[in-house]
Every structure is written in structure tokens, then in C-alpha cells.
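The block underneath contains the structure these notes are about, expressed in C-alpha cells.
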Amino acid sequence: MKFIIGNWKSNGDIDKKDSMIKSLKSVKTNNKVILCMPFHLLGGGNSVVEIGAQDISLYPNGAYTGDISGQMLKESNVKYVIVGHSERRKYHNETNEIVRKKSENAIANGIIPIICIGESETDKKAGRTMSVVKKMLLDSIPKQGDFIVAYEPCWAIGTGVIPTTNEISAVHETLFKALSKIGRDTTPILYGGSVNPTNASEIMSINNVHGVLVGGASLKYDTFLPIINAAK
Ligand code: 13P
């Protein structure tokens, strides 16, 4: 079973969500399909697709204007939440420590965090990819509880440029080994960044790639369906 997770980011509306959920209803798949929606579209889903969230407050309920707490996500039937996406790290200054605390907050509310990590273009050019992703991983994961890791190189997000098969394989092996060392070898490790109907099958056949996190191509049924079907 692979994870096919869509991230709608700040996109979508009620009509688009309804139409996507309706279209996916008749899809036959053994894979885990999740669409992480903006907050106003949480809830719903069906036997094929679950609705997840894209962020969680660092804090419990209280005087934190604009924040959506773990308890609120739980009440919206959310079982998965993306944390530490590179866009949140970049535009909202989220550090590994914040990401770890958010992950722990999710777990405390029975929600599985999808923890995003990935090197910048500068890191890659400087040959620092492995050390950067390993540190991000170990500093961002919760002390206990189940989680999912998504490796998303920042330079591959929304650019149409993806790492080579060998590069993805090498990073996922490094992450798998780091997780194994701390007794977390069953943690799913997903790849994200410019996944599309053409490259999805090859990416998901790479060793230690347990699924994909899809941005742009998850917004339309015509591009999301072939990605779901590409997962063996
Ligand atoms: P794209 O698939 O649009 O490159 O986005 C990837 C992403 O950021 C998913 O979280």
C-alpha cells in the first residue's frame, strides 16, 4: 500500500472539493488516498479519500487568534495533518523545534503528522543535502507516536524539476537508515515536489519511497487519478 497525499495549499473552494470527492468515490484502489485541504474545506471524504489538514496550532485552545487547535482538527474528523511544509518554514519562519512541537500536538490529539523536510537549492549546490535532511528529520520528529515523513526538496516544489531517481533513492535510504537507528523503521517516507502523472510511477517504484505528496497535480481529478493509479 502506498500513500497518495494531495496538498491543495491555499487553493480550492466548496464546489471544487465536492466535485473531486464525488469523482473519486468510484475509484478502485488499495492505496491510502488523502487530500489535505484548507481549513474551510475540512470534513467529509468517503471510502476512497480522507480529508486531512495543512497545519495545526502550536498551542491548545485559548487566546491564539486565528490558530486552529488540535482539538478543533479532531472535531473536524481530521486524522492527518501536514506540518513543517517548506512554505510554512519559509513564509512563517517555522523552525524544526516548532515543527516538532506541532507534531507532538497532533499526536496528542490522535492525528498523524506528515512531517515535511527538504534541502534548499543552495544546500544542494553546496553538497549538503544529506546532512541537512538528516538534521531536519531528527530535530522535527516527535519523541513518541506514529508519523509520516515527506521528503520535499524545496527546489523541486512547483518548478517541474525533480531529482534523479538515484538522488531520490539515496536520500530516502539515508532517511530510512536514520529512522531505523531510532527504532522507527516502519515510518512511511514519501516523496514530494513536481510529482505528475508522467513521473509518479517511476518515483513510487524507487526503494524506500512509500508514496507521494502532490501539490499542483492534486487539484484536478484528471491529473490526480493517474497518480493514484500509478501506485502499485
Ligand atoms: P508541487 O507538486 O506543486 O510541486 O507541490 C509539492 C508540494 O509542495 C506538496 O506539498
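Indexing begins at 1, ligand by ligand and atom by atom, following the structure's order.
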If I apply the N/O under 3.5 Å rule, does Lys9 come out as touching ligand 1?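 Lys9 vs ligand 1: N/O contact under 3.5 Å present.
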Any idea which part of Asn7 is under 4.0 Å from ligand 1, heavy-atom wise: side chain, backbone, both or neither? side chain
Output the list of atoms in ligand 1 that are nearer than 4.0 Å to some heavy atom of Gly216, sorted by atom number.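 Counting atoms of ligand 1 from 1, those under 4.0 Å from Gly216 are 1 (P), 2 (O), 3 (O).
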Smallest separation among heavy atoms of Ala217 and Thr223, with atom names: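 Taking every non-hydrogen atom into account, O-OG1, 2.9 Å.
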Which atom names give the shortest non-hydrogen contact between Ser57 and Asn105, and what distance separates them? O-ND2, 2.8 Å
Examine the side chains of Asn31 and Thr29 and answer whether a donor and an acceptor come within less than 3.5 Å of each other. yes
Members other than Trp155 in its cluster, when Ile, Leu, Val, Met, Phe, Trp, Tyr link by side-chain heavy atoms under 4.5 Å?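 The other cluster members (ILVMFWY side chains, heavy atoms under 4.5 Å, direct or chained) are Val161.
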Looking only at protein heavy atoms, identify the closest one to atom 7 (C) of ligand 1 and say how far it is in Å.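 The closest one turns out to be Glu152 OE2, 3.2 Å.
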To check your reading of the model: name the closest protein heavy atom to atom 4 (O) of ligand 1, its residue, and the distance in Å.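 Looking only at protein heavy atoms, the one closest to atom 4 (O) of ligand 1 is Gly158 N, 2.6 Å.
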Could you tell me if any non-hydrogen atom of Ser194 lies under 4.0 Å from any atom of ligand 1? yes
My understanding is that only one of Arg89, Glu94, Arg100 makes a side-chain hydrogen bond (donor to acceptor under 3.5 Å, both in side chains) with Ser140; could you say which? Arg89
Winner among Ser86, Gly118, Pro153, Gly215 once heavy atoms are compared against atom 2 (O) of ligand 1: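 Nearest option to atom 2 (O) of ligand 1, by heavy atoms: Gly215.
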Residue pairs involving residues 174-191 (criterion side-chain hydrogen bond (donor to acceptor under 3.5 Å, both in side chains); sequence neighbours excluded): Glu173-Lys177
